[in-house]
*Asks:* 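Below you'll find the structure I mean.
Heavy-atom basis, side chains included; hydrogens, waters and symmetry copies ignored. Chain letters run A, B, ... following the sequence lines, proteins first and then strands; every chain starts at 1.
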Amino acid sequence: MAKIPVQFRLNNSDRATFAEAADNLLTTLRRGLNEFGPKYGCGQGACGVCTVLIDGEPQLACLTLTVACEGRHVETVSGMADGPNMHPLQNAFMDNFAAQCGFCTPGMLMAARALLDRNPNPTREDVVEAIAGNICRCTGYEPIIAAILAAAGARGEKRA
Amino acid sequence: MLDIRKDFFANERDDNLNVVGKGVQRQDMPGHVTGRSPFFDDHAFEGLLHLKVVRSPHHHARIRSIDVSAAERAPGVKRILRAADVPVNKNTLLSLINFGKDDEPSLAVDKVHYKGEPVVAIIADSEAAAMAARKLVRIDYETLPAVFDVEEALKPGAPVVNDTYPNNYFEYHDKFDHQKLRFGDTEKAFKSADIVLEERYQMSPIEHAPTETNGSIAAPEQDNRFVVHSCAQGLFFSLGTAAKIVGLESNRLHFIGGTVGGGFGGKVDSITEPLAILGAMMTGRPVRYVLDREEEMLYGSPRGAERIYVKDGVMRDGRIVARHVRSYFDAGAYTRLSSYAAVKCTAHIPGPYWIPNAASDIYVAYTNRCPSTAMRGFGITAVDFALEVQMDKLAHAVNMDPMDFRILNAYRDGDMKPHRRVAKNTALIECVQVAAEKARWPISDSAKRQSSLAGGGEGERGQIPATLIDQRGQIGRPETRNAPSTQTLPAGTTRIALTKQPELEGSRDSRAAAPNVPRYEPAQPAVQAPAPLAPATPASPPPQPYAAPPSPPAAAPTPGATPQHGAMRFSSVFGTRRR
């Protein structure tokens, strides 16, 4: 079967690969481009561990066709830190024990980042809504919600 | 940072233990928040192949024939593994500690014993190719009767689930059909109790549902070894299991893991590692075997179901005088870790309460369901659910507040447990007091004044009571346990029907039963002087719970002999195997 060339930006660098028409973005990232930030949890859009940002919007990589990402900007957890400087969300997750096994964390961070980029001062309800599509099995949601609210507070303080 | 309860966990010292009692960042946190934590699937390999298994669509069936010729010719397929390709195609997990018989194949041989059992493994260039080829494997089955209920499985004439254990129960030390506990005389105590309550409890299987599914990647290394990236919770346990199954010395396997995307007990079975290694051995290429979500939920081994009968005798003043627990642990089709669950369950009876007469009979039954395995307190959790619901019902029956009722019956330091060991560091009373306070649940002033440190071990609370010996004289008399093995039944013999009367269990094997006369293990004083806080008065003559025991039978050990309890710890699993 003929493969299709695809080009997109991945965490601010241009990448090119070949994909089958039916390949999803998660398989292309993990097995084609060795980008292991997004995880496989269910392959059917139920768990959220493969959440990435496409042009700033949170999307499930397992339900996104690779060829549909042509020319778009895909961002994963691997691109969150600015060099050696962690993103405020990453610091807040560390400080609030918001990752136990760490497997849902990349997806949680992307969902949270999409929220804060859109709404720098979210309410608790906003946060709960933003991570409603991300399943966590061991950390528990409370530390994660606390971390996201703390990150929003830290950002606000910086700005003030 | 975390709020540490300094009133419970004070900073005891501040020299070389300067992190104890403080909130400290975990060392794996930076990896988790940057996506750099190396989960088993986060490794790139050139020429990676993908393994998928063909699973049984039947709960119980004989395999008449397997035809893989069409699958072998399918695009992308590199190799097909069948039962004969597995060097040691029968294993039981606890064989690593010499416990139990090998009973589970990696790929089914002539029969399948549960729906979803792996029969054939396909290794292909891509997951999609392997899954497409899966549909081309032709397997001719002859379906067999199946059994799904633990008690049905133990009835005479039930379909034999697991040929290694033809009685459908796990055989402890090749002899015993279940784990048994006896302490005092429950039957006699039930007769003298004001109220006797017997209830039936049932807990369903529970899937661990980790966000990371089970899986592993195995690849040939340059030094004639195989590197294995594994999700295993117990990496060396998995290494030993895999080495046995693939027939390699363990130093030729290089296991890498420890970063587990949620385990909860569901990643100790080492189901994927042996097949992935075997695939790498046979293809010379890296092989990845990962369960998809559907497989994880349907065929990933769950916490086993349990059916539990609890019978309690209680006096109107609230004292529980007898408890008998009979429980059936659903192992599914193979043992895995269920044999250990029953040991744990037995060790937990009668819960955190001092009850002068306690007994339990815990069975591991095989059914044509997915094999069950470890999960957070397996063997304990379900029986605790049953016991605590039962405690509420008992409190209601004697018209007591359930919190007061628990405090009245709780273990205290110095109490003798049914395992002939003295309770230490007990804290149920304090836990209930704090829970009541936090819930603003009114408890009596008397209950508020109780303490785990006071009153334990006094009088009969510190004694081993006269204990009924069954007809084989087994309880408390290990030297009698030298009868021939019941591992395999001679041809032509049939299973003896199970009875529901616990006192008669001694007659369940084919050995001659002694005359039906109750015999007793003699009452013994406590092993050590308990109750350090109440040393003032010497104990009065040890009270006998309900009646003076008859004089011990001639074969019984001398009452004054050195007690055997001290060195017998964990003997049911790890030590003192008798031959």
Side-chain angles (χ1 to χ4, degrees), chain A residues 1 11 20 22-24 27 30-50 52 62 76-81 84 86-87 89-110 112 134-139 143 147, chain B residues 1-3 23-48 50 75-76 125-129 131 207-213 215 217 229 231 233 258-264 266-267 286 288 290-297 376:
Chain A
M1 198 182 298
N11 295 327
E20 308 257 359
D23 278 355
N24 62 52
T27 306
R30 291 183 60 83
R31 290 292 155 210
L33 298 170
N34 294 341
E35 166 47 47
F36 294 115
K39 310 296 180 195
Y40 166 87
C42 68
Q44 51 190 270
C47 72
V49 300
C50 65
V52 297
C62 73
T76 72
V77 67
S78 313
M80 260 183 103
M86 296 267 194
H87 189 278
L89 271 167
Q90 291 174 310
N91 283 323
F93 268 57
M94 291 201 285
D95 290 345
N96 288 275
F97 196 80
Q100 185 169 314
C101 83
F103 200 76
C104 72
T105 311
M108 286 283 182
L109 281 168
M110 296 322 283
N134 296 68
I135 289 176
C136 166
R137 282 283 290 151
C138 52
T139 312
Chain B
M1 277 299 179
L2 289 176
D3 174 27
V24 175
Q25 186 122 288
R26 277 171 28 193
Q27 61 181 9
D28 54 357
M29 248 338 171
H32 285 353
V33 301
T34 54
R36 285 200 287 266
S37 291
F39 294 94
F40 81 88
D41 203 19
D42 299 343
H43 297 276
F45 286 96
E46 280 300 316
L48 183 66
H50 301 263
D125 282 334
S126 68
E127 278 187 276
M131 287 196 277
E207 163 57 32
H208 312 79
T211 39
E212 174 200 66
T213 58
I217 302 177
H229 294 280
C231 73
Q233 285 176 250
T259 305
V260 180
F264 321 118
K267 287 175 179 167
R288 170 180 177 267
V290 183
L291 302 192
D292 62 31
R293 175 56 54 187
E294 182 184 3
E295 289 177 301
E296 180 72 42
M297 300 305 274
R376 289 187 168 178

*Asks:* Is it true that the NZ or CZ of A:Arg137 lies under 6.0 Å from the centre of B:Phe264's six-membered ring and within 45 degrees of the ring axis?
*Replies:*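 Yes.
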
*Asks:* Please classify the contact of B:Ser37 with chain A as side chain, backbone, both or neither, using a heavy-atom distance under 4.5 Å.
*Replies:*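 For B:Ser37, the backbone is the part near chain A, not the side chain.
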
*Asks:* Side chain from CB out, backbone as N, CA, C, O: work out which of these in A:Ala99 comes under 4.5 Å of a heavy atom of chain B, or both, or neither.
*Replies:*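 Both parts, heavy atoms under 4.5 Å.
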
*Asks:* For A:Cys47, is it the side chain, the backbone, both or neither that has a heavy atom under 4.5 Å from a heavy atom of chain B?
*Replies:*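 No part of A:Cys47 comes within 4.5 Å of chain B.
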
*Asks:* Let me know if A:Met86 has heavy atoms under 4.5 Å from chain B in its side chain, its backbone, both or neither.
*Replies:*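 Contact with chain B: side chain only.
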
*Asks:* Go through the atoms of B:Pro38 and report whether side chain, backbone, both or neither lie under 4.5 Å from a heavy atom of chain A.
*Replies:*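 B:Pro38 has no heavy atom closer than 4.5 Å to chain A.
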
*Asks:* Check the surroundings of atom CZ in B:Arg36: do more than 12 heavy atoms from other residues, nucleotides or ligands lie under 6.0 Å from it?
*Replies:*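 At most 12 heavy atoms, drawn from other residues, nucleotides or ligands, come within 6.0 Å of this atom.
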
*Asks:* Looking at chain B, which one of A:Val77, A:Ile135, A:Thr105 has the largest number of heavy-atom pairs inside 4.5 Å, strictly under?
*Replies:*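 Among A:Val77, A:Ile135, A:Thr105, the one with the most close pairs to chain B is A:Val77.
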
*Asks:* Please classify the contact between A:Gln44 and chain B as side chain, backbone, both or neither, with a heavy-atom cut-off of under 4.5 Å.
*Replies:*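 It is the side chain, since no backbone atom gets that close.
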
*Asks:* Heavy atoms only, distances under 4.5 angstrom: which of B:His208, B:Glu127, B:Glu296, B:His43 has the most pairs with chain A? Name it, please.
*Replies:*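 It is B:His43.
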
*Asks:* What residue in A:Ala81, A:Cys136, A:Gly37, A:Cys138 has the most heavy-atom pairs under 4.5 Å with chain B?
*Replies:*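 The option with the most such pairs is A:Cys138.
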
*Asks:* Assess, by modelled atom type and distance only, whether the side chains of A:Glu35 and A:Ser78 contain a donor and an acceptor separated by less than 3.5 Å.
*Replies:*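 Yes, A:Ser78 and A:Glu35 have a side-chain donor paired with an acceptor closer than 3.5 Å.
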
*Asks:* State the NZ-CD distance between A:Lys39 and B:Glu212, to the nearest 0.5 angstrom.
*Replies:*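 Rounded to the nearest 0.5 Å, the NZ-CD separation comes to 8.5 Å.
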
*Asks:* Over all heavy atoms of both residues, which pair between A:Cys62 and A:Gly45 is shortest? Give the atoms and the distance, please.
*Replies:*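 Distance-wise, the nearest heavy atoms are SG-N, 3.4 Å.
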
*Asks:* Which heavy-atom pair separates A:Ala98 from A:Pro143 by the least distance, and what is that distance?
*Replies:*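 Taking A:Ala98 first and A:Pro143 second, the nearest heavy atoms are CB-O, 3.7 Å.
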
*Asks:* Can A:Asn11 and A:Thr76 be counted as having a side-chain donor-acceptor contact under 3.5 angstrom?
*Replies:*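 A:Thr76 and A:Asn11 do have a side-chain donor-acceptor pair below 3.5 Å.
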
*Asks:* Can you tell me which of B:Asp41, B:Val290, B:Asp28, B:Asp292 forms the most heavy-atom pairs within a distance under 4.5 Å of chain A?
*Replies:*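 Top count of heavy-atom pairs under 4.5 Å with chain A: B:Asp41.
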
*Asks:* Could you check which of B:Glu294, B:Met297, B:Arg288 has the highest count of heavy-atom pairs closer than 4.5 Å to chain A?
*Replies:*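 Between B:Glu294, B:Met297, B:Arg288, the count favours B:Arg288.
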
*Asks:* Could you tell me which of B:Ala209, B:Ala128, B:Gly31 has the largest number of non-hydrogen atom pairs under 4.5 Å with chain A?
*Replies:*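 Highest number of pairs under 4.5 Å: B:Ala209.
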
*Asks:* Measuring from B:Thr213:OG1 to B:Glu295:CD, what's the distance to the nearest 0.5 Å?
*Replies:*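 CD of B:Glu295 is found 8.5 Å from OG1 of B:Thr213.
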
